[in-house]
There are 2 protein chains.
Amino acid sequence: MTDLFAKRPSGCPVAFGLDTFGDRWTLLIIREMLLGAKKTYGAFLEAEEGISTNILANRLKQLEADGLVEKRRDPENFRSFLYDLTDKGYALAPVLFAIIRWSGQYDSRSDRLTGMVERLAQDEAGLLAEIEARRARDRAARA
Amino acid sequence: MTDLFAKRPSGCPVAFGLDTFGDRWTLLIIREMLLGAKKTYGAFLEAEEGISTNILANRLKQLEADGLVEKRRDPENFRSFLYDLTDKGYALAPVLFAIIRWSGQYDSRSDRLTGMVERLAQDEAGLLAEIEARRARDRAARA
DNA sequence: CTGGATCCCAATAGATACTG
DNA sequence: CAGTATCTATTGGGATCCAG
């Protein structure tokens, strides 16, 4: 197995963040969980713009190892698993928001296609409340 | 030449951001420019925790292509170049801040080693003013 | 069957040596 | 100083395989 995400001994908080989610796919998975309320391997496969199965498996494992995600059996379907964001994972919401705002300023296509830019501009409080409610529910489900 | 950062036709603002700076090095270069006020190839080589020369060259080229950075001759040293952030580059400050805050919450080492976490917590306004002053100066220098 | 992970191989990123 | 060349390691796509 590759030593993906070997930690640099940097001490810089930017580098620490990048060591955790600084690749092309990890934040897209977090996006699906945090903004899209997706929870299953299959849902991630559909949603991510063409992520490969090996990459998805690898990143989910890494996210678990880093404590951003917890895996548990689906109580409604014992053959399936659920991946929940932990508090540490939900704490990335401001990072996603900052990226979305930046893209909203500089990408002319993306706001029409997703609505997330407007949503964030017009009703950040509502969006945060919605996310916070899910976070509390996930936390209860994991306990 | 590699087709690094080939754009995904995603339409998602998160994906758009990641297409621009979603790798292990780009944001570290931006960090040096934005928070460290570094401007030269040599300064980046020293500051980045061991970035390779080809990677640095590649990323600087890509940043120029994406309009986050502009390259010009150093007026004080005609054999050297200066790399300035554009407004689009400076607009990534909130992304860096969000990452730093997250790391401040979850990395026990990084705040002692850089002081940036405390700086951000205690004097964000001062930090922003400092960055804004540099942005204005860079903009004048490029014009 | 179907969700989840692995294998194989082509494509990319990266480290080091070297150059205009 | 600011890169390119070369060579190795890692990443990622797609098929395959395994467990229930």
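It should be emphasised that the depicted structure is a prediction, and the values quoted were computed from it without experimental measurement. In what follows, every chain begins at residue 1, and chains take the letters A, B, ... in the order their sequences are listed.
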Tell me which residues in residues 72-83 of chain A put a heavy atom below 4.0 Å from DNA chain C, sorted by number, or none.
A:Ser80, A:Phe81, A:Tyr83

Nucleic acid contacts of residues 40-47 of chain A, taken as heavy-atom distances under 4.0 Å to DNA chain C:
A:Tyr41, A:Gly42

Rounded interatomic separation in angstrom, taking [atom1] from [X] and [atom2] from [N]:
X	N	atom1	atom2	answer
A:Lys71	C:dG3	NZ	P	14 Å
A:Asn58	C:dT6	CG	C1'	12 Å
A:Ile55	C:dC9	CD1	P	17 Å
A:Asp19	D:dT10	CG	P	15 Å
B:Arg59	D:dA2	CZ	P	19 Å
B:Trp25	D:dT10	CH2	C1'	14 Å
B:Lys38	D:dA2	NZ	P	14 Å
A:Ile51	D:dG14	CD1	C1'	14 Å

Does the side chain of [Y] come within less than 4.5 Å of [X]'s, by heavy atoms?
X	Y	answer
A:Met33	A:Val69	yes
B:Leu127	B:Met116	yes
A:Val117	A:Asp107	no
B:Asp66	B:Asp19	no
A:Arg101	A:Leu120	yes

Tell me, with the steps shown, if A:Glu64 and A:Lys61 meet salt bridge (charged side-chain N to carboxylate O under 4.0 Å, His left out).
CA-CA 5 Å; A:Glu64 248 193 300; A:Lys61 203 170 288 179; over 6 Å; no

Measure from the side-chain N and O atoms of B:Asp23 to the backbone N and O of B:Trp25, and report whether any donor-acceptor pair falls under 3.5 Å.
yes

Is the backbone of A:Phe21 close enough, under 3.5 Å, to the side chain of A:Arg59 for a donor and an acceptor to pair up by distance?
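Here the side-chain-to-backbone pair does not exist.
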
Verify the contact: side-chain N or O of [X] to OP1 or OP2 of [N], cut-off strictly under 4.0 Å; return yes or no.
X	N	result
A:Ser52	D:dG12	no
B:Lys61	D:dT4	yes
A:Arg24	C:dA13	yes
B:Lys39	D:dC1	no

Do you know the tightest heavy-atom contact between [X] and [Y]?
X	Y	value
A:Arg142	A:Leu85	NH1-O, 2.9 Å
B:Ile99	A:Gly17	CG2-CA, 4.0 Å
A:Ala91	B:Gln105	CB-OE1, 4.2 Å
A:Lys39	A:Phe44	C-CZ, 3.8 Å

Taking N or O atoms only and anything under 3.5 Å, show me the protein contacts with nucleotides 17-20 of chain C, one pair per line.
unit_1 : atom_1 : unit_2  : atom_2 : d
C:dA17 : N6     : B:Thr53 : OG1    : 3.2

